[in-house]
Amino acid sequence: MDLIAQGLVEAVHRLATLDPEVLDAASASLQVSGIAVLLSLAVGMPAGIALALGAFPGRRLVLALVNTGLGLPPVVVGLVVGVLVWRSGPLGSLDLFCTRGAMILAQFVIALPEVVGLTVVAVQALDPLLRLQIAALGASRAQSLSILASEARLPLLTAAMAGFGAVVSEIGASLLVGCNIKGDTRILTTAIVTEADRGEFGAAFALAAILLALIFAVNLTVTWVQQRPRPL
Amino acid sequence: MGTATTAAAVISARELVVRRGGRVVVRVPELELAPGETLVLLGPNGAGKSTLLLALALLIPSEGELRVEGEPVRDKVATRRRMAVVLQRPLLLDRSVLENVVLGQMLRGASRQTAEDRAHTWLGRFGIAHLSRRQARTLSGGEAQRVSLARAFALEPSVLFLDEPFAALDAPSREAILADTAGVLADTRTTAVLVTHDRDEAASLGDRVAVLIDGEVRQIGAPEAVFSAPADPQVALFVGVETILPAHVTEVSDEMTRLDVGGLTIEVTDVPPQGDRFPLLLIAPTDVVVSRDDASGSARNRFSANVVRVENIGRVVRVVLDCGFPLVAHLTRASVRELGIAKGVAVVASFKATSPHLLPRRRPGVSTSTRV
């Protein structure tokens, strides 16, 4: 218990003194996971809407794959993405190995099934006749999709939160493709492991507290947007 | 078919076929909608009424030729922007009432200001101007359907499609909204297609009624023509003719046709279908008079009868009689009480020679018995 208390004290101290190591790790976490989630929303929401509404051969298979993807071990994603971005890999020419770009790519792959899966559920929960009514109002296909997405905005925000939660607390993939370079690809989770390995439990707890605070702050913001009373 | 002419038709469909899972569910050789008219699609559940409406509104795929205001449909979205649809459920979006009424207009290129002005006008017209700032999901069923109607009329469509818009409402809301809609349709002379299974609604709103059974338009015409002279036994059953009897023509004179039904003679003024000596005799339940003695009345056809069954069916009481042939009458509750009608009671049933209608017995397999 002393360690936890010490950790909290150290966390407050490090934050108060704007400890550069902590700030670097926190901002790297926020940047990598934030971009990965935004990308997964940009790709996953349209894909989820198309999967929810579309009728094409193999749709159920794709849905089953998406659902399988919900349980994808990050370390496996890290291995696969790592092989892809190694110098000798198919994406080797992009020079991504051991960069934040590789971490963003891996986290995007981890968040995508969450976003797609939850978008499918959100859109399928809408009244199927609503599509007909929106088309009858005169909406083009693209306008229909955007109106439907706006109708499903509350569960879609849940998809965003789930995606962020899945990647910001992930460690295996980031370690494998980002190489945990201090001041660059070291994020909060990999920093915690590093400090704990060195026996610096106070520092590890401080980083853990900051990670939790970051997750809480993001979720608080999204929940506030989601649950705000709408004007009557 | 009907009164419309091709040149002026708002909607004209030829050889329209809708399939579901490969099976033909609606087949309409020809259907035209004249400017300003309200066409009612009437029929039992599953007859294909809503399917036909959605196909005409370009919301489900169909085969055949469909013209809107004389032009073939090339761009479905552009053509839909000249139409409006109100479905059974209001299907409002999760935003304010005003935004709901504004959205469709803006999708069609109206400016924000025009759209809002029109929205206020139509919300006022449907008696819900005070709800414009409310969130749609907080409305009652009746209020929400009024918003849905205001949203449709605010689009000022060339043709308005109404798919059982009153069916899910409680009786008082239904009557009020029905009256408002009838008023607006009459004032604006909006061309409309209304789907319903309610005969009263069809009669009060329709300029023409098309009866759909098994995906086919079996009869189309003015409501009074369809209700008084149904084209076939299934239409007859649907429009409320409950007694349909196989008859044998024994004598035809200038004014009267004499028929044999189960050994009894019935006289009618309707002429038998050409060359058919074994037509079907249709008697509407509202045309049958029931009394306790044979003393009064001038009706030509009078029969001693026994009450076989008495059923309360809402505003009237359905009385099934055995006169030697089955006969159904609708009586008011008051008459049932006054006459002491009950199962087994002996009565006299009569109907005028002018009321029954004769149909050719041409469709084999169609039920020809009275529904008892």
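Each chain gets a letter, A, B and so on, in the order its sequence line appears, and its residues count up from 1. Please read all numbers here as calculations on a predicted model, not as lab measurements.
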Please tabulate, for side-chain N and O atoms in residues 42-49 of chain A, each donor-acceptor pair with protein atoms closer than 3.5 Å (sequence neighbours left out).
none

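The shortest heavy-atom contact between A:A111 and A:V167 is CB-CG1, 3.8 Å. B:T190 and B:T188 make their closest contact through OG1-OG1, 2.6 Å (heavy atoms, listed as atom of the first residue, atom of the second, distance). Taking each heavy atom of B:P157 and B:A152 in turn, the nearest pair found is CD-O, 3.5 Å. Closest heavy-atom contact between A:V115 and A:T119: O-OG1, 2.6 Å.
When side chains are defined from C-beta on, B:L39 counts as touching B:R208, because their heavy atoms get closer than 4.5 Å. Under the 4.5 Å side-chain criterion, counting only non-hydrogen atoms from C-beta, B:L155 is in contact with A:L137. A:L79 has its side chain within reach of A:L176: a pair of non-hydrogen atoms, C-beta onward, lies under 4.5 Å apart.
For B:E32 and B:R14, the salt-bridge test passes: some basic side-chain N is under 4.0 Å from an acidic carboxylate O.
Both the backbone and the side chain of B:L93 come within less than 4.5 Å of a heavy atom of chain A. With a 4.5 angstrom heavy-atom cutoff, B:R151 touches chain A only via side-chain atoms. Only the side chain of B:L54 comes within contact range of chain A, judged by heavy atoms closer than 4.5 Å.
The interface of residues 99-113 of chain B with chain A, defined by heavy-atom distances below 4.5 Å, comprises B:L103, B:G104, B:L107, B:R108. Using a 4.5 Å heavy-atom cut-off against chain A, no residue of residues 40-52 of chain B qualifies as contacting.
Taking A:I134, A:L126, A:D127 one by one and counting their heavy-atom pairs under 4.5 Å with chain B, the maximum is reached by A:D127.
A donor-acceptor contact under 3.5 angstrom links the side chains of A:S174 and A:Q107, judged on distance only.
Considering only residues two or more places apart in sequence or on other chains, B:R118 meets the salt bridge (Lys or Arg N to Asp or Glu O under 4.0 Å) condition with B:E156.
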